[in-house]
Amino acid sequence: MAPAMELGGSLPFPKAHQLAASSKEVGGSLPVPDVQQPAVSSEEVGDSVPVPDVEEASSPLEVGGSLPVPNVQELAAVSEDVSARYIRPERELEQVAEGEFGQIPVIDMSKLVGGDDDESARLHSACKEWGFFQVINHGVAEEVITKMTENIQEFFSLPLEEKMEYAQLPTGMEGYGQAFVFSEKQTLDWGDMLFINATPINERRMRFWPTNPSSFRETLDKYAAEVEKAARSLMVSMAKNLGVEPAKLLSLFDDGVQSLRMNYYPPCEQASKVTGIAPHADGTGLTLLTRLNQAQGLQVMKEGKWVPIDPLPGAFIVNIGDMLEIITNGEYKSIEHRALVNDKNERLSIASFHDPSMSAMIEPLSDLFIKDEKKQTPNYKSISHRDYKKISRQMKLDGKDRGFITHMKIQA
Ligand SMILES: O=C(O)CCC(=O)C(=O)O
Ligand SMILES: [Fe+2]
């Protein structure tokens with residue numbers, strides 16, 4: 001635990017020697033890339049380890065980092081007063097649905113895989129009408145999710161100094177810290193996170209993959225691989241529903257980027273005035289979210305109201321991201337959502353983001369607009385994945401989170 005006097009300040013970025021420390025533990029049976037590792041063998045690791053500088057540490061998957069902000073878990077542990085930096089007065093004006101929309105649809109993946117037409121039609125309607133659904137019988141082994149839950153809980157319970165060995169660098173989002181903090185004036189979210197890129201495997205940066213608990217890396221690797229399979233299987237069903245050859249959609253995601261965002265939301269005395277993650281739409285392709293404990297908090301926007309989601313035990317909550325909205329030419333919608341926090345209990349969740357390959361163009365599949373006899377032109381512009389990342393970040397920086405998808409739309 002850091003000394004109390006330091007708690008209100010900004011989270012320091014890790015010192016170079018801390019970054020290097022984890023590289024000596026790389027090994028075992030995990031697929032570990034060569035390229036991002038410091039050019040030393042494990043025998044050479046010692047006091048004289050050549051330390052990669054920030055330039056070397058940046059990844060082609062990153063377009064920039066966040067400003068350092070206080071660690072929320074530490075704030076929650078020492079103080080009952082929530083700083084004004086976290087308070088969102090607009091929360092008093094929000095409208096929460098009172099059951100009029102029901103719950104997001106529940107899709108049974110074993111039925112989809114078995115070729116059940118009714119289930120497939122329900123999936124299509126969920127993607128069009130909600131942009132969100134739950135998936136049961138998804139094929140991700142229960143023990144993999146249980147192990148992940150245990151490992152994440154253990155990681156977030158470590159002393160701050162240990163977690164800080166995996167702290168984000170100023171240049172990127174990967175690591176332990178916060179996402180998308182661009183301004184000192186910005187209202188902050190009541191949560192910390194650990195973010196890693198799981199694929200492409202040769203872009204893995206093992207310095208951000210914790211070695212404590214000792215099974216964590218292996219668990220992350222297994223979890224990522226199993227969730228990726230489930231995501232691809234869902235995409236096959238989506239493509240069929242859209243009348244697109246599944247291989248066309250899937251090929252965009254070959255060598256795709258899969259990232260895991262592990263969210264830790266401490267309890268908050270003023271839970272009704274803050275957000276764990278402010279309203280946003282995922283900029284990704286497809287997101288598969290799991291809540292890791294009983295505390296609820298995910299809410300989805302429907303017709304101007306927030307619908308609280310009631311996750312089924314062991315289910316994944318799946319949502320369409322902005323990229324898939326573009327790729328499906330707007331047939332499927334990326335919907336705004338947010339995470340609230342609890343006043344008594346911590347909340348944990350893990351989002352697995354599935355994006356196309358960095359070399360893919362993000363654009364509507366031609367089959368989708370050509371089939372529209374009247375129009376035959378796309379509803380969205382084309383953009384390279386790299387420019388997509390840069391421009392969407394710039395828009396966020398300018399405070400226009402939803403501006404990007406609007407920018408991508410071709411006005412009729
Ligand atoms: O914690 C949650 O339920 C939501 C997380 C989320 O929306 C995200 O990580 O993008
Ligand atoms: Fe999200």
Side-chain angles (χ1 to χ4, degrees), residues 66 72-73 76 88 96 103-104 127 130-135 145 148-149 152-153 155-156 168 173-181 188-198 220 223-224 227 231 257-268 271 274-302 306-325 332-342 345-355 389 392-393 396 401-402 404-405:
S66 231
V72 180
Q73 196 174 351
R88 293 182 189 273
V96 177
Q103 275 291 308
I104 55 173
C127 294
W130 281 91
F132 262 89
F133 53 93
Q134 298 200 49
V135 178
I145 300 177
M148 189 70 168
T149 308
I152 291 179
Q153 269 165 339
F155 174 77
F156 282 105
Q168 290 166 320
M173 173 130 160
E174 260 192 291
Y176 176 62
Q178 268 84 15
F180 308 125
V181 183
L188 300 177
D189 286 334
W190 192 259
D192 304 318
M193 62 154 206
L194 173 67
F195 187 93
I196 58 148
N197 290 321
L220 286 165
Y223 182 90
V227 177
V257 183
Q258 180 187 10
S259 323
L260 300 178
R261 173 175 172 156
M262 291 152 268
N263 298 303
Y264 180 88
Y265 312 100
C268 180
V274 305
T275 54
I277 299 188
H280 67 283
D282 293 346
T284 58
L286 199 63
T287 304
L288 275 73
L289 184 79
T290 336
R291 68 143 181 202
L292 301 178
N293 63 352
Q294 292 309 310
Q296 302 195 6
L298 176 67
Q299 298 192 335
V300 172
M301 179 53 80
K302 185 135 182 92
W306 290 110
V307 180
I309 301 304
D310 194 3
L312 297 170
F316 279 99
I317 295 164
V318 181
N319 63 291
I320 308 291
D322 291 350
M323 290 200 221
L324 205 52
E325 174 172 331
Y332 292 170
K333 294 282 188 303
S334 167
I335 299 296
E336 234 188 342
H337 54 284
R338 66 178 185 179
L340 300 185
V341 303
N342 205 277
N345 303 308
E346 63 186 19
R347 189 171 169 261
L348 291 130
S349 70
I350 169 165
S352 176
F353 301 117
H354 302 261
D355 295 351
K389 281 192 166 230
S392 61
R393 179 183 158 83
K396 270 204 168 76
D401 189 33
R402 295 305 287 143
F404 182 62
I405 197 86

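First listed ligand is number 1; within each ligand, the first listed atom is number 1. None of the values given here were measured: they were computed from a predicted structure.
At a 4.0 Å heavy-atom cut-off, ligand 1 does not touch Arg338 at all. At a 4.0 Å heavy-atom cut-off, ligand 1 does not touch Arg291 at all. Residue-level proximity to ligand 1 for Phe353 is carried by the side chain, the only part with a heavy atom below 4.0 angstrom.
Within ligand 1, the atoms closer than 4.0 Å to a non-hydrogen atom of Arg261 are 9 (O), numbered from 1 in the order shown. Residue contact check: Ser349 has heavy atoms under 4.0 Å from atoms 1 (O), 2 (C) of ligand 1. Listed by number with element, the atoms of ligand 1 under 4.0 Å from a non-hydrogen atom of Tyr265 are 1 (O), 2 (C), 4 (C), 5 (C). Ligand 1 places these atoms under 4.0 Å from at least one heavy atom of Ala339: 1 (O), 2 (C), 4 (C). The atoms of ligand 1 that sit less than 4.0 Å from any heavy atom of Leu298 are 3 (O), 4 (C). Atoms of ligand 1 found under 4.0 Å from any heavy atom of Ala351 (numbered from 1 in listed order, with element): 9 (O). Counting the atoms of ligand 1 from 1 in the order shown, those under 4.0 Å from a heavy atom of His337 are 7 (O).
Of the candidates Asp282, Ile317, Asn263, it is Asn263 that places a heavy atom closest to atom 9 (O) of ligand 1.
Nearest protein heavy-atom neighbour of atom 10 (O) of ligand 1: His280 NE2, 3.2 Å. Protein heavy atom at the shortest distance from atom 3 (O) of ligand 1 is Arg347 NH2, 2.8 Å. When only non-hydrogen protein atoms are considered, atom 6 (C) of ligand 1 lies nearest to Ile277 CD1, 3.6 Å.
In this structure, a donor-acceptor pair under 3.5 Å is present between the side chains of Glu346 and Tyr264. At a cut-off of 3.5 Å, with distance as the only test, no side-chain donor of Asn293 or Arg291 sits close to an acceptor on the other residue. Counting only N and O atoms by type, the side chains of Ser352 and Gln258 include a donor and acceptor under 3.5 Å apart. Using modelled atom types, one finds a donor on one side chain and an acceptor on the other under 3.5 Å when comparing Tyr223 with Thr290.
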Subject >> Full working for salt bridge (charged side-chain N to carboxylate O under 4.0 Å, His left out) between Arg88 and Asp189 >> reply: CA-CA 10 Å; Arg88 293 182 189 273; Asp189 286 334; 2.9 Å; yes

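Here the angle centred on the Fe ion (ligand 2), running from NE2 of His280 over to OD1 of Asp282, is 90°, rounded to 10°.
Phe353 pairs with exactly one of Asp282, Asn197, Val257, Leu289 by the side chain to side chain contact (heavy atoms under 4.5 Å, CB included) rule, that one being Asp282. Exactly one of Val318, Asn319, Ile350 qualifies for a side chain to side chain contact (heavy atoms under 4.5 Å, CB included) with Leu288. That residue is Val318.
Using cut-offs of 30° and 60° on the angle between ring planes, the pair Phe132 and His337 is perpendicular.
Taking each heavy atom of Gln73 and Phe156 in turn, the nearest pair found is NE2-O, 2.7 Å.
When atom types are taken as modelled, the side chain of Gln178 and the backbone of Gly191 share a donor-acceptor pair closer than 3.5 angstrom.
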